Engineer: 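Structure in structure tokens, see below.
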Amino acid sequence: MATLIITEKKKAAEAIAKALGPVKKIKKTKILEIFLVPSKNINVIPLRGHLLEYRNTDVFKSWTNPPPREIITNHKSIKKFQIRGLSPFIKAIKEYAKRCDHCIIGTDADIEGCNIGLFDALPFVKQENPKIKISQLWLSSLQKNEIINKFNNLIVPKYSWGESGEARAIIDAFIGFSATREITNTLRSLLNKFRVRFTSIGRVQTSLLYLIYLREQEILNFVPEPYFLIDADLFHINGVFRAHHELNPFKSDNEVNARQIFHKIRNEKIGKIIDNSKKVIRISPPTPLNTSKALVLLTKNLRISANTAMQIMNSLYLNKIITYPRTDSDVYKSDFNHNEILQKFKLHPQFKYYTINLLKNNRINPTKGKKDMGDHPPITPLESLEVSNSRFENNLQKRVYDLLARHYLALFGDEALESKQLLKILIKEEPFSAQIVSLISPGFLEIAPFLKPKYEEEIQIIGDEIPIKEILFVEKETQPPARYTDTSLLKLMEKNHLGTKSTRPVIIKLLLTRSLTKRVKHHYLITDLGKFIIENLIEVWLPFLKPDFTKRVEEKLEEIKDKKRKLKDVVDEIRKEFLKLFDKFLINKHKLISKIDNYQMEYTIPLTSSNCPYCNKNPMKFINIKNKRFLVCSDENCKKFLSLPKNGKLELLNSVCSICDFNIFKVVLRKNNRSIIYYLCPKCWNSGLKSKSSKGFCNNCNEYQIIKGQCIKKF
DNA sequence: GCAAGGTC
């Protein structure tokens, strides 16, 4: 009786084998190590995630023929293929399948895990050994007792779970491949202008791009509203604090009232304290970190991208410094060995006092989050390392580790105690109040200061009168919503069910690499290309752009999992729905094509760096499209223009003419297979035109000449 | 040249 166990990753294979008996490792290739338990004749093969992926079949390799629409209609357009570089894994599965009479699928206990085990790996097993017995190992952790217990209680394979994953893969493939190709083909000439080879469409990425677009529109359409604040700076024993009028903020329709109040009290020198109360507020320590929460923590505090944060956590995991970083659980199992880790931190030069205190006070139970998803424990440091430790490969690893370690230690800490002091003050009968929040006892904040809000010092007040430093009248405007950061994008995606813990950082980065978004000072903006695509898709593809689409797909996938519906029915239903949208796009395609021809008009019009010579206030637009090229003032009220030569390729240079300070243009003329290059200043050239002489070109200039693109005085 | 989902 030989048994083959297949797992999703090395870590699981090793844990399972070790739980079942003494282990012998066999290094098959550079990337594959197999774990044997000779005493029980068990062979554990670890995979590396999926073995197979959907790709287009040979007939559908071309992006144009057959037309992309057929990827949706022809069921033979996509097929599962082996992912490159993974053949050692398939070879090993086949080899051991022949030798074993029992195959246990031990991939992760989730949908993708079932898909990997039952739909990627199992067919290779059956191909070699059709009669093999098949069961599934359903683990809710990789702890020894759990493994032994579940190994003795194997389950019937959850094929419907795997099917659900299969349906997801098929749907994403036919939508992504067909739409990406159709949109790329349609926008070809525009994409050339943006210097990108293709653009991409996908259920998750395009929905995310749409949400980023919506935020940009919100900002663009935002109408700031003025509002007014009446504040008072008041003296206390050690300094000054600010109190606010209780009617703040005054909206613009109440401006007169606000100004009257201000005028009434502006010269007051004394306020009367009518209330001075204090409340103690208990702040609980944070809860353990799952992947999403860790990414939020890291991107927020280190200002790194989500993708970088994930990569750093992964490298720390591979170096055995932290636990597995892809987890949905933020609750520890009751028997998780925290003591072992805390003992290590007892020796840490910076964390030891805090840790010793924890142990002394028997604070050895961490806080609990919302759910134990039964996959992996929350993200936890496994080692106590100083910054100088050579196991860190770079500075970022140190900083990520520091945050994760401190956060972990904070889970055991005492509550922090805040004091909320509320002061009520009358200034000539006008009610003011001030709230001063100060820290009384740091508790867990001592180890995790990055979780601290801003605190002020408590205010000592003697008597019931308070001297006024100044009464202020502040005019402000409401602000538009902020652009997304990595932190807020992650939250946005989670809220809208877009992507998974592993793919969210990848998809944020993908939009950047496809030139659909750009990251400016940690904020994400949509590019002109992204904007063009979304604005045009909104008209025909709104149901696909909205995150609602993913949500509906998810609901249907859930029905496959719960055996309420069949894979084929769900896939065909989505196929039909998407085909309708696709046809709508094809019908409207001609409109889009005509928009592309006029694109420069509406969007990326280069501007001169020098101002319009007529109004001298605004730059000029360099219009350079089919049959039309000229310069026109960008100011609607001026709108004066300068003509440009009809022939040759024009290039707007940054340098300026020494005579009139206007930008110089380079002209490249092709004649008899040779390039002739000359320069002109449009202002000089136009005045040359008016005087009907040909002196407008720079080479006719008496005083200056163009050397390396610069206008320089002749000797 | 394409998706999104695993994992390294």
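Note that this is a predicted model, so its numbers are computed, not measured. In the text below, chain A, chain B and the rest are named by the order of the sequence lines, each starting its count at 1. Side chains included, hydrogens not; waters and symmetry mates left out as well; all remaining heavy atoms used.
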Engineer: Can you tell me which nucleotide in B/dC8, B/dA3, B/dG5 comes closest to the side chain of A/Ala173?
Structural biologist: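 Selected nucleotide: B/dA3.
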Engineer: Among all residues two or more places apart in sequence or in another chain, which pass the salt bridge (charged side-chain N to carboxylate O under 4.0 Å, His left out) test with A/Glu554?
Structural biologist: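 Applying salt bridge (charged side-chain N to carboxylate O under 4.0 Å, His left out) to A/Glu554 gives none.
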Engineer: Partners of A/Val540 by side chain to side chain contact (heavy atoms under 4.5 Å, CB included), sequence neighbours excluded?
Structural biologist: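 Partners of A/Val540 by the side chain to side chain contact (heavy atoms under 4.5 Å, CB included) criterion, ordered by chain and then number, come out as A/Lys584, A/Phe585, A/Asn588.
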Engineer: Identify, residue by residue, the members of residues 539-556 of chain A with a heavy atom below 4.0 Å from DNA chain B, and return them in order of residue number, or none.
Structural biologist: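 Output list: empty, so none.
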Engineer: Under the criterion salt bridge (charged side-chain N to carboxylate O under 4.0 Å, His left out), which of A/Arg483, A/Lys518, A/Lys531 is the partner of A/Glu216?
Structural biologist: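 The salt bridge (charged side-chain N to carboxylate O under 4.0 Å, His left out) with A/Glu216 is passed solely by A/Arg483 among A/Arg483, A/Lys518, A/Lys531.
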Engineer: List for me each residue that meets side-chain hydrogen bond (donor to acceptor under 3.5 Å, both in side chains) alongside A/Thr527, sequence neighbours excluded, and say none if there are none.
Structural biologist: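 side-chain hydrogen bond (donor to acceptor under 3.5 Å, both in side chains) list for A/Thr527, sorted by chain: empty.
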Engineer: For DNA chain B, find the residues of residues 176-183 of chain A with a heavy-atom distance under 4.0 Å and give them by number; none if there aren't any.
Structural biologist: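 Close to the strand are A/Gly176, A/Phe177, A/Thr180, A/Arg181.
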Engineer: Using heavy atoms and a sub-4.0 Å distance, could you list which residues of residues 58-89 of chain A are near DNA chain B? By number, please.
Structural biologist: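 DNA chain B contact set from residues 58-89 of chain A: A/Trp63, A/Ile83.
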Engineer: Does A/Leu510 reach a base, just sugar-phosphate, or nothing at all? Heavy atoms under 4.0 Å.
Structural biologist: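 Sugar-phosphate contact only - A/Leu510 comes under 4.0 Å of backbone atoms but never of a base.
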Engineer: Looking for any heavy atom pair under 4.0 Å, which part of the strands does A/Arg514 touch: base, sugar-phosphate only, or nothing?
Structural biologist: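 Here A/Arg514 touches the backbone only, sparing every base.
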Engineer: Think A/Thr503 has a side-chain N or O under 4.0 angstrom from the OP1 or OP2 of B/dA4?
Structural biologist: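 For B/dA4, OP1/OP2 do not have a side-chain N/O of A/Thr503 under 4.0 Å.
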Engineer: For residues 195-206 of chain A, which residues have at least one heavy atom under 4.0 Å from DNA chain B?
Structural biologist: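 Heavy-atom contacts with DNA chain B come from A/Arg197, A/Phe198, A/Ser200, A/Ile201, A/Gly202, A/Arg203, A/Val204, A/Gln205.
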Engineer: Taking only side-chain nitrogens and oxygens of A/Tyr54, does any of them come within less than 4.0 Å of OP1 or OP2 of B/dG5?
Structural biologist: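 Answer no for this pair, as no side-chain N or O of A/Tyr54 is under 4.0 Å from OP1 or OP2.
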Engineer: Considering only distance and modelled atom types, tabulate donor-acceptor pairs under 3.5 Å from the side chains of residues 9-17 of chain A, sequence neighbours left out.
Structural biologist:
| from | atom 1 | to | atom 2 | distance (Å) |
| --- | --- | --- | --- | --- |
| A/Lys9 | NZ | A/Asp108 | OD1 | 3.2 |
| A/Lys9 | NZ | A/Asp108 | OD2 | 2.8 |
| A/Glu14 | OE2 | A/Lys18 | NZ | 3.1 |

Engineer: Between side-chain atoms of residues 305-312 of chain A and protein atoms elsewhere (two or more places apart, or another chain), which donor-acceptor pairs fall under 3.5 Å?
Structural biologist:
| from | atom 1 | to | atom 2 | distance (Å) |
| --- | --- | --- | --- | --- |
| A/Ser305 | OG | A/Thr308 | N | 3.1 |
| A/Ser305 | OG | A/Thr308 | OG1 | 2.8 |

Engineer: Output all residues satisfying salt bridge (charged side-chain N to carboxylate O under 4.0 Å, His left out) with A/Asp583, sequence neighbours left out; order by chain, then residue number.
Structural biologist: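 Result, salt bridge (charged side-chain N to carboxylate O under 4.0 Å, His left out) vs A/Asp583: A/Arg69.
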Engineer: Can you label the angle between the A/Trp541 ring and the A/Phe582 ring as parallel, tilted or perpendicular, going by 30° and 60°?
Structural biologist: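 Ring orientation of A/Trp541 relative to A/Phe582: tilted.
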Engineer: The criterion is ring-ring contact (aromatic ring centres under 6.0 Å, His included); which residues satisfy it with A/Tyr317, sequence neighbours excluded?
Structural biologist: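 A/Tyr317 satisfies ring-ring contact (aromatic ring centres under 6.0 Å, His included) with A/Tyr324 once adjacent residues are dropped.
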Engineer: Holding to salt bridge (charged side-chain N to carboxylate O under 4.0 Å, His left out), I want the full list of residues that pass it with A/Arg168, two or more places apart in sequence or in another chain.
Structural biologist: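 A/Arg168: salt bridge (charged side-chain N to carboxylate O under 4.0 Å, His left out) contacts with A/Glu112, A/Asp172.
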